[in-house]
Engineer: 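First the structure, then my questions, so here it is.
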Amino acid sequence: CSHHPGKARDQFQEELVIRPLHSGDIYASFQFRTLWDTDFLQERQKVSHYRLFPKSLGQVLSKFSVRELHISFTQGFWRTMQWGQPFIPSPPGAELWVWFHDTVSDVDGNWKELTNVLSGIFCASLNFIDLTNTVQPSASFKPLGLGNATDHRFLRYATLPREIVCTENLTPWKKLLPCGSKAGLSVLLKSEKLFHSSFHSQAVHIRPVCQDEQCTSKAWELRQTLNVVFDLYTSGQGKKEWSLFKMFSRTLTEACPLATSSKVYVDITDNPELFELSPATPLLSQAVVLGDRRTYSVFDLTRAETFGQLRSLNLLLRWKGDSGMLRPLLHAERYVAGFGLQTGEIHTVIYNNHPYRAFPVLLMDSVPWYLQLYIHTLTVTSKSRDNKPSYIHYQPAKDRHRPHLLEMLIQLPPHSMTEVTVQFERALLKWTEYTPDPNHGFYVGSSVVSALVPSMVAMNTNFTQDQPLFSSFVPVKEESSYFVRVYTEPLLVNLPTPDFSMPYNVICLTCTVVAVGYGSFYNLLTRTFQVDEPSLPLAKRLANLIRRIRGVPLLA
């Protein structure tokens, strides 16, 4: 199938970024972008022809009047202190947030139907999302596409921290790609390799975007991302070297024929001190990513010379030595304190590692209703002093109806640790509300920290169509800072749990008492007794038999 950029209303790009991490692990980030020059909301009746954009998602956007949709499935926890910041962050489990169009009258109804449909598309348990774990953040999740929506009544956000991600979620995700897993970068996506890793995250982001700097024409952008971190040691490799074949059991042989651009970027900013890369490429690219200027070797898969005489591209990285840890400017973690099964305390710790710049962060916490927060116990301290938030939005929970929502704008002093604590009391659930394994505990979703972090170098605010996908996801409004979202660990909280084996014990004891005690008693009461006359000896019986035959009277 040939591609005519002048005629087609949609285009497809694919990209792989490989970043050697200072921990010795390796980070691979796939991004696939489909741009479609159409408007579902104005052309609701006309959108019937689909070429590259998947029809299943197009119909979902049209039917439910979705303006922006972001969904991610993650296995593992992103270790910011060891790995730095990811290109697109995501919390463990499943996360879904959606902006609906302002013409929607029943947002909750659309949200419920949408989660059920997405559950079927991605073969996940998103149908467990309901009003008890859905919130409407007032400030933390602004639209990433066109429009400055401020009415958060049309926003819904939910997480399922316990969602397990596996092959059945990856397969439908791959089927959304124009080339499936048959050609291009997607041939590397083999589930047995991807899931044998320290971290794996797949996501789908749909939003309206501008096609040029003046924004004269608009388009729908579908961005499918897949991030994976391979551990040097769990892979069973003694030598410190990586290759595409060792990571994915495949090499690259061609670009996706439907793609207008297909590139592999390898971060060589630390080369040659840290590692060496082969084969070498004359193509180099510089990009400012997450406040840092990085240099990349670029392999263009649309050019035949990239594959060499073997018609196969297998990148090889050899480590030369270890390097020191790079501390990220923003980091957060969370844990539960306290003892017993009645009360407890949630601690959220946020680190600003910038040596001389203070900056504000927006902290969002969604806590299930069965942890009853005492909001008057909320304390925020930085450097052993009270740190009063400049903005607080709190929506209390309703039992069995909605969770707590707490959002705060906190100023982080330079080179500081800020601690947010709040006390809670555990509720006693009805016996039908416990999970099948209640002693495992109950999950509380990750806290979300959003911030504009001061940049070491000037960020690129110019709109260019040919900039790499990994540096163009979050729109950059100013040169001096860049947007970062950090997720903490999810919490695992024990609730007061009845002894569910007690009914079994009672049934066993009761049945034993009934069988032995009552059974014997009933037997005695209902049995009839009869006097049994003693039988004659054998000699007398034989004599009587003979007498009966002879007709003589019997012996007594």
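The shown structure was predicted, so the numbers you read here are calculated from the model rather than taken from an experiment.
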Engineer: Passes ring-ring contact (aromatic ring centres under 6.0 Å, His included), Phe230 versus Phe248? Steps please.
Structural biologist: CA-CA 10 Å; Phe230 291 105; Phe248 302 107; 5.5 Å; yes
Engineer: Take Leu126 and Glu163 through the test side-chain contact (heavy atoms from CB on, under 4.5 Å) and record every step on the way to the result.
Structural biologist: CA-CA 9 Å; Leu126 299 174; Glu163 181 71 13; 5.8 Å; no
Engineer: Could you pull out all residues at least two apart from His393 that satisfy ring pair (Phe, Tyr, Trp, His ring centres under 6.0 Å)?
Structural biologist: none
Engineer: If the test is side-chain hydrogen bond (donor to acceptor under 3.5 Å, both in side chains), which one of Glu221, His70, Glu68 qualifies with Arg207?
Structural biologist: Glu221
Engineer: Before we go on, tell me: are the rings of Phe77 and Tyr487 under 6.0 Å apart, centre to centre?
Structural biologist: no
Engineer: State plainly whether the residues Asp102 and Arg153 are in salt-bridge range, i.e. N to O under 4.0 Å.
Structural biologist: no
Engineer: Testing the basics here: between Pro403 and Val135, what is the closest heavy-atom pair and its distance to 0.1 Å?
Structural biologist: CG-CG1, 3.6 Å
Engineer: Quick one: list whatever passes side chain to side chain contact (heavy atoms under 4.5 Å, CB included) with Ala332, sequence neighbours left out.
Structural biologist: Ile350, Val449, Val486, Thr488
Engineer: Less than 4.0 Å between a side-chain N and a carboxylate O, is that true for Arg400 and Glu433?
Structural biologist: yes
Engineer: Checking Thr159 against Asn133 for the side-chain contact (heavy atoms from CB on, under 4.5 Å) test, could you report, in this order, the C-alpha distance in whole Å, the side-chain angles of both residues, the deciding distance, and whether it holds?
Structural biologist: CA-CA 7 Å; Thr159 57; Asn133 51 20; over 6 Å; no
Engineer: Between Asp231 and Arg79, does any side-chain N to carboxylate O distance fall below 4.0 Å?
Structural biologist: no
Engineer: Give the minimum heavy-atom separation between His101 and Phe154, together with the two atoms involved.
Structural biologist: O-CD2, 3.7 Å
Engineer: Given side-chain hydrogen bond (donor to acceptor under 3.5 Å, both in side chains), test Thr421 with Thr379 step by step and report yes or no.
Structural biologist: CA-CA 5 Å; Thr421 64; Thr379 61; 2.4 Å; yes
Engineer: Return yes if some donor-acceptor pair links the side-chain N/O of Gln202 with the main-chain N/O of Asn169 below 3.5 Å, else return no.
Structural biologist: yes
Engineer: One pair to check against salt bridge (Lys or Arg N to Asp or Glu O under 4.0 Å): Asp37 and Lys218. What are the steps and the verdict?
Structural biologist: CA-CA 7 Å; Asp37 182 12; Lys218 302 169 185 177; over 6 Å; no
Engineer: According to ring pair (Phe, Tyr, Trp, His ring centres under 6.0 Å), who are the partners of Tyr394, at least two apart in sequence or on a separate chain?
Structural biologist: none
Engineer: Kindly check if the number of other-residue, nucleotide or ligand heavy atoms within 6.0 Å of CZ (Phe128) is above 12?
Structural biologist: no
Engineer: Test the Arg51-Phe12 pair against the cation-pi criterion, namely NZ or CZ under 6.0 angstrom from the six-membered ring centroid and within 45° of the ring axis.
Structural biologist: no
Engineer: Which heavy-atom pair separates Asn110 from Phe100 by the least distance, and what is that distance?
Structural biologist: CB-CE2, 3.8 Å
Engineer: Parallel, tilted or perpendicular for Phe32 and Trp173, by the 30°/60° rule?
Structural biologist: perpendicular
Engineer: Would Phe424 and Val336 satisfy side-chain contact (heavy atoms from CB on, under 4.5 Å), going step by step from the backbone distance to the final call?
Structural biologist: CA-CA 10 Å; Phe424 66 87; Val336 173; 4.1 Å; yes
Engineer: Are His354 and Phe359 close enough that their ring centres sit under 6.0 Å apart?
Structural biologist: no
Engineer: Looking at Met364 and Tyr157, what are the two nearest heavy atoms and their distance?
Structural biologist: CE-CE2, 3.6 Å
Engineer: Got a donor-acceptor contact below 3.5 angstrom from the Asn227 side chain to the Tyr27 backbone?
Structural biologist: no
Engineer: Which atom names give the shortest non-hydrogen contact between Pro368 and Tyr443, and what distance separates them?
Structural biologist: CG-O, 4.2 Å
Engineer: So how far is it from Phe73 CZ to Ser201 OG, rounded to the nearest 0.5 Å?
Structural biologist: 10.0 Å
Engineer: How far does SG of Cys256 sit from NZ of Lys182, to the nearest 0.5 angstrom?
Structural biologist: 11.5 Å
Engineer: Could you report the tightest heavy-atom contact between Pro454 and Tyr482, atom names first, then the distance?
Structural biologist: O-CE2, 3.7 Å
